[in-house]
Amino acid sequence: MTEDVLISVKGLHTLEDAQKDEVEVISAGKYYKRNGKHYVLFEEAVEGSSEPINSRIKLAQEYMEVHQKGAVNSQMVFERDRKNESWYGTPYGNMLAGIQVKNMKMEESEDIIKASVDYSLELNYEHMADCQLQVKIVAKDSGRFSLTD
């Protein structure tokens with residue numbers, strides 16, 4: 001994998017009333033591997049804000065961590081068979097986010113890393129949604145990035 005990458009982060013939240021909320025971020029980023037873990041750094045633009053979000057995703061088998069700093073501040077940890085709680089800071093105030101992973105997988109090849117996690121999301125100890133997060137990291141010069149998969 002090269003240092004220059006394209007990254008797609010897609011999130012789907014299914015709320016209690018079966019309403020679905022889907023968000024996708026596509027960005028250029030920087031990739032590196034250290035101690036057997038994959039890292040990608042990228043910047044997200046936020047609608048209605050001049051302050052971007054600097055994001056870092058750390059990946060390994062059975063583990064994903066998403067760290068955001070800027071307009072939103074959070075550190076979300078996804079681990080199989082473990083509930084993780086962390087503070088999720090927004091311009092409207094802080095919330096305690098609880099994450100219980102149901103399923104997760106990661107596939108890697110020379111030019112592409114794909115990871116997905118299905119999880120239950122609690123905010124302030126109340127179940128809010130069943131969620132899915134998909135991350136795709138592709139070497140920028142590979143010509144293998146596509147919006148469909």
Side-chain angles (χ1 to χ4, degrees), residues 1-15 20-92 94-123 128-149:
M1 180 73 73
T2 62
E3 178 186 29
D4 292 321
V5 295
L6 296 173
I7 182 166
S8 165
V9 180
K10 191 182 299 187
L12 175 65
H13 299 127
T14 304
L15 306 173
K20 294 184 184 225
D21 183 26
E22 186 172 17
V23 176
E24 183 173 17
V25 172
I26 298 172
S27 183
K30 296 291 184 186
Y31 165 85
Y32 63 96
K33 187 173 184 178
R34 183 177 297 148
N35 298 325
K37 294 181 175 70
H38 304 277
Y39 295 82
V40 65
L41 308 169
F42 61 101
E43 195 172 272
E44 298 177 51
V46 179
E47 190 175 324
S49 174
S50 60
E51 182 181 15
I53 298 173
N54 293 308
S55 297
R56 180 188 75 212
I57 296 177
K58 180 164 102 174
L59 293 168
Q61 291 294 336
E62 307 294 317
Y63 182 87
M64 182 188 305
E65 181 179 321
V66 178
H67 184 87
Q68 297 177 308
K69 195 168 192 160
V72 170
N73 294 295
S74 72
Q75 181 175 353
M76 298 174 74
V77 177
F78 305 87
E79 292 179 278
R80 187 181 297 278
D81 300 325
R82 184 170 181 187
K83 182 178 180 180
N84 287 292
E85 292 181 340
S86 63
W87 289 102
Y88 192 88
T90 72
Y92 308 106
N94 293 332
M95 297 178 281
L96 183 63
I99 297 168
Q100 180 70 52
V101 172
K102 297 175 184 177
N103 188 29
M104 66 186 320
K105 65 182 176 180
M106 185 176 90
E107 303 169 25
E108 59 180 294
S109 65
E110 186 177 328
D111 293 331
I112 299 176
I113 299 169
K114 294 180 185 179
S116 65
V117 60
D118 296 326
Y119 64 98
S120 176
L121 175 66
E122 292 179 356
L123 292 177
M128 295 304 290
D130 290 316
C131 307
Q132 184 178 66
L133 182 64
Q134 296 177 337
V135 176
K136 182 166 73 170
I137 304 163
V138 180
K140 195 173 186 178
D141 59 0
S142 71
R144 297 182 63 192
F145 190 85
S146 77
L147 297 177
T148 59
D149 211 43

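A quick note: this is a predicted structure, and the numbers were derived from the prediction, not measured.
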Could you give the distance from CD (E65) to NZ (K58), rounded to the nearest 0.5 Å? 5.0 Å

Where do V5 and A139 come nearest, in terms of heavy atoms and distance? CG1-CA, 4.2 Å

Which pair of heavy atoms, one from G29 and one from F42, lies closest together, and at what distance? CA-CB, 4.1 Å

Check the surroundings of atom CZ in R80: do more than 12 heavy atoms from other residues, nucleotides or ligands lie under 6.0 Å from it? yes

4.5 Å side-chain heavy-atom contact, E85 and K83: yes

Shortest non-hydrogen contact between N94 and G89, atoms and distance: OD1-CA, 3.1 Å

Evaluate the side-chain proximity of Y32 to K30: yes if any heavy-atom separation is below 4.5 Å, no if none is. no

Whether the side chain of S27 engages the backbone of E44 through a donor-acceptor N/O pair (distance < 3.5 Å, no angle test) should be reported. no

Tell me whether T2 contacts the main-chain N or O of D4 through its side chain, where contact means a donor paired with an acceptor under 3.5 Å. yes

To the nearest 0.5 angstrom, please state how far the OH atom of Y119 sits from the CG atom of D130. 10.0 Å

Rounded at 0.5 Å granularity, tell me how far CG in D141 sits from CG in D111. 7.5 Å

Taking C-beta and beyond as the side chain, do V66 and F78 meet within less than 4.5 Å on heavy atoms? yes

Do K114 and Q134 come close enough that some side-chain heavy atom pair is under 4.5 Å? no

Do E62 and M104 make a side-chain contact, defined as non-hydrogen atoms from C-beta onward lying under 4.5 Å apart? yes

Test applied, side chain to side chain donor-acceptor pair (under 3.5 Å); reference residue, D118; option that passes from Q132, K105, K102: Q132

Y63 side chain reached by M106 side chain, heavy atoms, under 4.5 Å: no

Tell me the closest heavy-atom pair linking Y39 and R56, and the distance in Å. CD2-CD, 4.2 Å

Nearest-0.5 Å distance, CD1 of residue I112 to CD1 of residue I137: 11.0 Å

If you count the non-hydrogen atoms of other residues, nucleotides and ligands that lie under 6.0 Å from CE in M128, is the total more than 12? no

Within the distance-only criterion (no hydrogens, no angle test), does the side chain of S86 pair as donor or acceptor with the backbone N or O of Q75 below 3.5 angstrom? yes

Measure the shortest side-chain to side-chain distance between M64 and L133 over non-hydrogen atoms and say whether it is less than 4.5 angstrom. yes

Here the gap from I57 atom CD1 to I7 atom CD1, rounded to the nearest 0.5 Å, amounts to 4.0 Å

Nearest-0.5 Å distance, CD of residue E22 to CG of residue L12: 5.5 Å

State, to 0.1 Å, how close L6 and A28 come at their nearest heavy-atom pair, and which atoms those are. CD2-CA, 4.1 Å

If you count every heavy atom of other residues, nucleotides or ligands that lies below 6.0 Å from K140 atom NZ, does the total exceed 12? no

Side chains of L96 and Y88: does their closest heavy-atom pair fall under 4.5 Å? no

